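Reviewing the structure listed below.
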Number of protein chains: 2
Amino acid sequence: MPDRKVALPLSPLVQTFVLHFGEMGSRWGINRTVGQIYALLFVSERPLTADEIVDHLGLSRSNVSMGLKELQAWNLVRLQHRPGDRRDHFSTPDDIWQIVRTLAEERKKREIDPTLTMLRENLMQDAQTGEDGYAQDRLREMHDLLELLTGWYSDVQKLETERLLQLLTLGSKVQKVLEAKDRVMGLPARLRRSKAQDTEV
Amino acid sequence: MPDRKVALPLSPLVQTFVLHFGEMGSRWGINRTVGQIYALLFVSERPLTADEIVDHLGLSRSNVSMGLKELQAWNLVRLQHRPGDRRDHFSTPDDIWQIVRTLAEERKKREIDPTLTMLRENLMQDAQTGEDGYAQDRLREMHDLLELLTGWYSDVQKLETERLLQLLTLGSKVQKVLEAKDRVMGLPARLRRSKAQDTEV
DNA sequence: TGGTCTTTTCAGACATTCCTGAAAGGCCGA
DNA sequence: TCGGCCTTTCAGGAATGTCTGAAAAGACCA
């Protein structure tokens, strides 16, 4: 009779990978279990059932269920059904670029959008009052920066993978292209200043 | 006698901002206190001492000390001294672009580099063994992706702010530029495949 | 309807992180 | 060296977060 508490063996490579993802979890804003489940699905050739995950990772069934729920909330795993099988089968998208896009989108939604909303509301409300001069400038600066970044992001998110690859591979050479068309477009002036004293931290 | 537990009043605007940063802290991988301290420094026209932070936010002195230590580990605050004053004065860089660069650098260091290292080591070691075919492919795919992204990032990090702004403002128009020079440079082929079935999650 | 297989919920045990006051440490001028 | 001022360390209480087994809920078939 097999010991239900010991995980089914994984190859050393997969084992290392899964454990690493678990440990990195906290830095990525997910917990160990969720990281491990994701890692396992990522390297699995075929979709896995929740019970298979339990067997490989030695977690409780309920924990796996919650972990999968969280991964679904992140749009990071997909659910599939097999004919004649009631169980849910889980997998990650094969296309790694799709994963990057999803990750970027979800992190933006959780980490940027709320702040942008808050800044917008507060700046709109307090624009009239002249108090808080410096703080208000500072907040507007941050607001404009985030708008610029998210605007660029949404443009890039729309690119086909092929074009995105071009852009990434271009890398430093982009500088050349930019030097060619050497004209700055209309920008909020406050984002353009570069203070000399800010070189050293 | 003033109640030492009640924070010195902040303007409503600053108050909202500070509390928001505190609450977002968990999503950003820092704790509430650290978020609040950073927010306060960000909107302060002049550098603040630890005791001033205590007075404004109503935190314990030791907590502020630890929070500032963490912010320094992130390179997000700078320490200044005033002649004839022994106390440390803290501030954030004035140049908001400098802040973005620092943030990107530190997050990369904490969230990407360890994984890249782990992938490199494991792939080098297991390259010979033919086992684990799919997992190994998958890991190499992730490795190549991270290399590409960090390579691009390091190129962009080198750009002057003016050029970076150009790049960001260009946004969707970048597509046009790319269409012009329509040739894909030498890429790892496995990063280029785009599977049709991966459109739906 | 009852029986089987599967997923989800949830109370509470366990673990981790956060925060504080008290004490220790460091620096400087007298 | 002492005393004042400021910062850091640290033990342990408070607050959060994680994980589990047991029970409930849902889905399907006969």
Side-chain angles (χ1 to χ4, degrees), chain A residues 3-7 18-19 21-38 40-41 47-74 77-90 110, chain B residues 3-7 18-19 21-38 40-41 47-74 77-90 110:
Chain A
D3 182 355
R4 284 298 77 207
K5 267 325 198 187
V6 167
V18 163
L19 292 180
F21 254 61
E23 273 154 32
M24 292 300 284
S26 62
R27 305 195 187 181
W28 284 95
I30 58 174
N31 65 35
R32 186 158 33 105
T33 310
V34 174
Q36 290 184 0
I37 294 173
Y38 185 78
L40 181 62
L41 290 176
L48 301 181
T49 64
D51 280 320
E52 286 174 310
I53 297 171
V54 167
D55 291 340
H56 284 307
L57 302 181
L59 306 166
S60 75
R61 186 64 224 311
S62 52
N63 199 0
V64 169
S65 178
M66 292 196 297
L68 287 168
K69 208 173 135 204
E70 182 166 355
L71 285 170
Q72 283 176 285
W74 277 83
V77 301
R78 61 176 56 168
L79 178 63
Q80 282 160 317
H81 283 113
R82 273 168 150 51
D85 188 346
R86 272 199 223 157
R87 297 169 301 174
D88 295 338
H89 295 247
F90 298 90
R110 288 167 172 74
Chain B
D3 182 356
R4 283 297 78 203
K5 269 322 198 185
V6 167
V18 163
L19 292 181
F21 254 60
E23 274 156 32
M24 291 300 283
S26 62
R27 305 194 186 183
W28 284 94
I30 57 175
N31 65 35
R32 186 158 32 105
T33 310
V34 173
Q36 290 184 0
I37 295 173
Y38 185 78
L40 181 61
L41 291 176
L48 301 180
T49 64
D51 279 321
E52 285 174 309
I53 297 170
V54 167
D55 291 342
H56 284 306
L57 301 181
L59 306 166
S60 75
R61 186 59 190 42
S62 53
N63 199 1
V64 169
S65 177
M66 293 197 296
L68 287 168
K69 207 174 136 205
E70 182 166 355
L71 286 171
Q72 282 175 286
W74 277 83
V77 301
R78 60 175 56 170
L79 177 64
Q80 282 160 316
H81 283 114
R82 276 168 147 51
D85 188 345
R86 269 199 225 158
R87 297 170 301 173
D88 295 339
H89 294 249
F90 297 90
R110 288 166 171 74

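Chain A is the first sequence line, chain B the second, and so forth, proteins listed ahead of strands; every chain is numbered from 1. Note that the structure is predicted; figures quoted are calculated from it, not measured.
In this structure, NE2 of A:H81 is placed 10 Å from C1' of C:dT7, rounded to the nearest angstrom. In this structure, the CG atom of B:N63 is 13 Å from the C1' atom of D:dA15, given to the nearest Å. Taking atom CZ on B:F90 and atom P on D:dT8, their separation rounds to 6 Å, with Å as the unit. As a whole-Å value, the separation of B:E52 CD from D:dT7 P is 11 Å. For the pair B:L79 CG and D:dT7 P, the interatomic distance rounds to 9 Å; values are reported in whole Å. Atom pair B:I53:CD1 and D:dC6:P shows a separation of 15 Å (rounding to whole Å applied). We find that CG of B:D88 is positioned 11 Å from C1' of D:dT8, with the value rounded to whole Å. Across the protein-nucleic acid pair, A:E70 atom CD and C:dT8 atom C1' stand 16 Å apart, rounded to whole Å.
A side-chain contact (heavy atoms from CB on, under 4.5 Å) with B:F90 holds for exactly one of B:L71, B:T49, B:L79; it is B:L79.
Residues A:K69 and A:D85 both approach DNA chain C. Their nearest nucleotides, taken by heavy-atom distance, put A:D85 toward the 5′ side. With the nearest nucleotide of DNA chain C identified for both A:M66 and A:R32, A:M66 has the one nearer the 5' end.
Nearest nucleotide to the A:L59 side chain, out of D:dT7, D:dT20, C:dT6: D:dT20. With C:dT9, D:dT7, D:dG21 as the candidates, the nucleotide lying closest to the side chain of A:S60 is D:dG21.
In terms of phosphate contacts, A:S62 brings no side-chain nitrogen or oxygen within less than 4.0 Å of OP1 or OP2 of D:dC19. OP1 and OP2 of D:dG17 both lie 4.0 Å or more from every side-chain N or O belonging to A:N31. At C:dT7, one or more side-chain N or O atoms of A:R61 fall inside 4.0 Å of OP1 or OP2 (strictly under the cut-off).
Here NE2 of A:H81 is found 11.0 Å from CZ of A:R86. Values are rounded to the nearest 0.5 Å.
Side-chain atoms of B:Q36 never come within 3.5 Å of backbone atoms of B:T33 as a donor-acceptor pair (strictly under, hydrogens ignored).
With hydrogens and angles left out, the side chain of B:R86 and the base of D:dC6 share no donor-acceptor pair within 3.5 Å.
Residue B:T49 is out of contact with every strand shown, counting any heavy-atom pair closer than 4.0 Å.
Geometrically, A:R110 does not engage B:W28 in a cation-pi contact defined by less than 6.0 Å to the ring centre and at most 45° from the axis.
A salt bridge does not link A:D51 with A:R87: none of the charged nitrogens is closer than 4.0 Å to a carboxylate oxygen.
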